[in-house]
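Just so we're clear, the structure is a prediction, and the values are computed from it rather than from any experiment. Residues: numbered from 1 along the sequence shown.
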Amino acid sequence: MLTVLLAALVRAVVGLRYRLRVSGLEAVARKGTRGILFLPNHPALIDPPILLSRLVGRFAPHALADQDQIRHPIVRWLARQIGVLPIPAVALYGEASRSEVEKVLGQCIEALRRGENVLLYPAGHIHRRAAEDLGAASAAHTLIRAIPGVRVVLVRTRGLWGSLWSYGQGSPPTVSAGLR
């Protein structure tokens, strides 16, 4: 119940700044609401809350989030309420993060096997340029290989590149700056 209320609050607050149009969600639901691996693009730091606010009620996905981006107290509290799985940024922590990344991906594999949903940003970071580059990121491949036939739903978010939540402003965005 709390997650549904939080989702409504996020939709209301985001709606003050952005006009949102969601298409295709009903078609996804008609084919079933369980065992889905959602793979969205990631143009800005604000798109995960926007997307989760649309998915929590019907699909209730387990979402992965960069542990450093959810350190802000308000964001950390919200992330805990909706069951976000924190994961270290491999680009930042390198080999030292391997065991924690494998642990979180294992949790995702088990969740998908139980018929639960997972929301994973395949690149593992927001766009550095207007077009997304997956580089050497392999989490999506790991999950798909571990669960042959898993239902994959691709999600495209547009219109956020250039906002203060994106690299489009010329510098790395932060949650703290965006909340201010």
Inset, instruction - Would you kindly confirm whether Ile82 and Leu25 end up in one hydrophobic cluster when ILVMFWY residues are joined by side chain heavy atoms under 4.5 Å apart? - result: yes
Legend entry - Approximate separation, where rounding is to 0.5 Å, of Leu119 CG and Ile36 CD1: 11.0 Å
Inset, instruction - Answer with yes or no whether the hydrophobic clustering places Val22 together with Val56; edges join I, L, V, M, F, W, Y residues whose side-chain heavy atoms lie under 4.5 Å apart. - result: yes
Inset, instruction - Identify the two heavy atoms, one from Pro86 and one from Gln67, that lie closest to each other, and give their separation to 0.1 Å. - result: CB-CB, 4.0 Å
Inset, instruction - Could you state whether Leu154 and Ile147 fall into the same hydrophobic cluster, counting links through intermediate Ile, Leu, Val, Met, Phe, Trp or Tyr residues with side-chain heavy atoms under 4.5 angstrom apart? - result: yes
Inset, instruction - Give, for atom CD of Glu100 and atom CG of Leu105, the distance between the pair rounded to the nearest 0.5 Å. - result: 10.0 Å
Inset, instruction - To the nearest 0.5 Å, tell me how far Ser138 OG sits from Leu143 CG. - result: 9.5 Å
Inset, instruction - Over all heavy atoms of both residues, which pair between Arg76 and Ile70 is shortest? Give the atoms and the distance, please. - result: CB-O, 3.1 Å
Inset, instruction - Answer yes or no: is there a donor N or O on one side and an acceptor on the other, between the side chain of Arg151 and the main chain of Gly32, under 3.5 Å? - result: yes
Legend entry - 4.5 Å side-chain heavy-atom contact, Leu64 and Val118: yes
Inset, instruction - Enter the distance from Asn41:CG to Thr157:OG1 here, rounded to the nearest 0.5 Å. - result: 5.0 Å
Legend entry - Atom CZ of Arg113: over 12 foreign heavy atoms under 6.0 Å: yes
Legend entry - Closest heavy-atom pair and its distance - Pro40, Leu120: CD-O, 3.1 Å
Legend entry - CG-CG distance between Leu55 and Asn117, expressed to the nearest 0.5 angstrom: 8.5 Å
Legend entry - Heavy-atom pair of closest approach, residues Pro61 and Phe38: CB-CD1, 4.5 Å
Legend entry - Closest non-hydrogen atom pair between Arg145 and Pro148, with its separation: O-CD, 3.8 Å
Legend entry - His62 side chain to Glu116 side chain, donor-acceptor N/O pair below 3.5 angstrom: yes
Inset, instruction - Working to the nearest 0.5 Å, report the span between CD1 of Ile109 and CZ of Arg114. - result: 11.5 Å
Inset, instruction - I would like to know whether Phe59 and Val153 meet side-chain contact (heavy atoms from CB on, under 4.5 Å); could you show each step before the answer? - result: CA-CA 12 Å; Phe59 298 97; Val153 172; over 6 Å; no
